[in-house]
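Structure first, then comments.
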Amino acid sequence: MPELPDVEVFRRRLVEATTDRRIEGVDVLDGEVLATTRAELDRALAGSRVSGTRRHGKQLYVGLGDGPPLRLHFGMTGYLTTVADHDEPPRHTRVVLALSRGRRLLLVDQRKLGEVGLVDSADDDVAQRGLGPDALDLDLAGLREVLARSRGALKPTLMDQGRIAGLGNIYSDEVLFQARLDPRAPAAEVSRGEAQRLHRQLRRVLERAVEGGVRDFPRGWLLHRRDDGARCPRCGGPVERFTAAGRHGFRCPACQSREG
DNA sequence: GGCAATGTTAGCCG
DNA sequence: TCGGCTAACATTGC
């Protein structure tokens, strides 16, 4: 689930849940997701209020007033949700933040590839991780530069967090499908017009996905057809599975041909 | 049982 | 130096 749009939805959810509420305590149900000690987490969170949030790519930073910001990363299966005090948290809940006035904010993560930690500052952490600009902050010139500098294929280039932060396996496929570009074409060979298309669709897909919130996506999206042989929503031809940089992707060979 | 799954990273190889 | 590939992390579902 968690690529840029998902993390943005989680960020908004967290803001909504913590507005006018204090964090009363932390309950770590599974310490494997912690990138800090329980004591430090407790010290930073208990009794504090959320003073601001920032998302960069797939990273979510939560400001806590004077204390160090919290960093949340969701791995492949993590998400944030809220429940009322009397409700049972879902299976695979790893960390529970008890909020004032009867609510709890939960980090749920089946595969435990997510991470919860504390950082000195969001800026420092972004720099330390070597993340590229957030995908929604990238202008056309920036995108063209990224493409020109890459010696790899389009899909792996878009997914490389050091070049552009936020796109993963699903949304890189979707963006390339909407832009009608072959995921395996060399990034450096993308023409000016193609780059323009890619930039437009990058923004459109991500913004629309954030709006969609909980899985409400347009019918014309490839997202619904992640099956070998499924029908392309654009031309009706068969969708094809391929491998690039060790990840499986889907594309429509007719719509996303090399010649565009 | 085998395989793959929306992420990241280390190590290896060309 | 760069990019691709594999394995590993832990767990579930097809």
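Throughout, protein chains are lettered first and strands after them, A, B, ... in sequence-line order, and every chain is numbered starting at 1.
Rounded to whole Å, the distance from CZ on A:Arg184 to P on C:dG3 is 19 Å. Atom pair A:Asp227:CG and B:dA5:C1' shows a separation of 13 Å (rounding to whole Å applied). Note: CD (A:Glu174) to C1' (B:dT6) measures 13 Å, nearest angstrom. Following rounding to the nearest Å, A:Asp173 (CG) and B:dA5 (P) show an atom-to-atom distance of 11 Å. Across the protein-nucleic acid pair, A:Tyr171 atom OH and B:dG7 atom P stand 11 Å apart, rounded to whole Å. Look at CD on A:Gln59: it is 12 Å from P on B:dG7, rounded to the nearest Å. The CG-P distance, from A:Leu60 to B:dT6, rounds to 22 Å in whole Å. Between the CE atom of A:Met159 and the P atom of B:dT8 there is a distance of 8 Å, given to the nearest Å.
C:dT6 and B:dC3: their C1' atoms are spaced 16 Å apart (whole Å). Rounded to whole Å, the P atom of C:dG3 lies 22 Å from the corresponding atom of B:dT6. For C:dT1 and B:dT8, the P atoms lie 24 Å apart once the distance is rounded to whole Å.
Residue contacts for A:Glu115: at a heavy-atom cut-off of 4.0 Å it reaches no nucleic acid atom on any strand shown. A:Arg241 comes within contact range of the sugar-phosphate backbone alone, with a heavy-atom separation under 4.0 Å but no base atom that close.
The side chain of A:Met76 has B:dT6 as its nearest neighbour among C:dG4, B:dT6, C:dA10. Among the nucleotides C:dG4, B:dA5, C:dT12, the one closest to any side-chain atom of A:Pro156 is C:dG4. Here the nucleotide nearest the side chain of A:Arg151, chosen from C:dA10, C:dC5, C:dG3, is C:dG3. Among the nucleotides C:dT12, B:dA4, B:dG7, the one closest to any side-chain atom of A:His248 is B:dA4. Taking the side chain of A:His73 as heavy atoms from C-beta on, and the options B:dG7, B:dT6, C:dA10, the nearest nucleotide is B:dG7. Among the nucleotides B:dA4, C:dA10, C:dG3, the one closest to any side-chain atom of A:Lys112 is C:dA10.
The phosphate of B:dT8 (OP1 or OP2) has a side-chain N or O of A:Lys58 nearer than 4.0 angstrom. At B:dG7, one or more side-chain N or O atoms of A:Arg247 fall inside 4.0 Å of OP1 or OP2 (strictly under the cut-off). When the side-chain nitrogen and oxygen atoms of A:Arg111 are compared with OP1 and OP2 of B:dT8, none of them lie within a distance under 4.0 Å.
Checked options A:Arg200, A:His199, A:Glu194; the residue passing with A:Gln196 is A:Arg200 (criterion: side chain to side chain contact (heavy atoms under 4.5 Å, CB included)). Only one option out of A:Thr81, A:Leu80, A:Thr93 pairs with A:Leu107 in a side chain to side chain contact (heavy atoms under 4.5 Å, CB included); it is A:Leu80.
If A:Arg129 and A:Gln110 are placed on DNA chain B by their nearest nucleotide, the residue sitting closer to the 5' end is A:Gln110. Along DNA chain C, the nucleotide nearest A:Ser150 and the nucleotide nearest A:His92 are compared for position; the residue whose nucleotide lies closer to the 5' end is A:Ser150.
Under the 4.0 Å criterion applied to side-chain N and carboxylate O atoms, A:Glu8 and A:Arg11 are assigned as salt-bridge partners. Under the 4.0 Å criterion applied to side-chain N and carboxylate O atoms, A:Asp173 and A:Arg225 are not assigned as salt-bridge partners.
The pairing partner recorded for B:dT6 is none, the criterion being a Watson-Crick or G-U wobble arrangement whose two distances lie under 3.5 angstrom.
In this pair, A:Phe217 and A:Tyr171 present their aromatic rings perpendicular. The plane angle is above 60°, beyond the 30 to 60° band.
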Pair A:Tyr79, A:Val9 - check side-chain contact (heavy atoms from CB on, under 4.5 Å), show working.
CA-CA 10 Å; A:Tyr79 63 94; A:Val9 169; over 6 Å; no
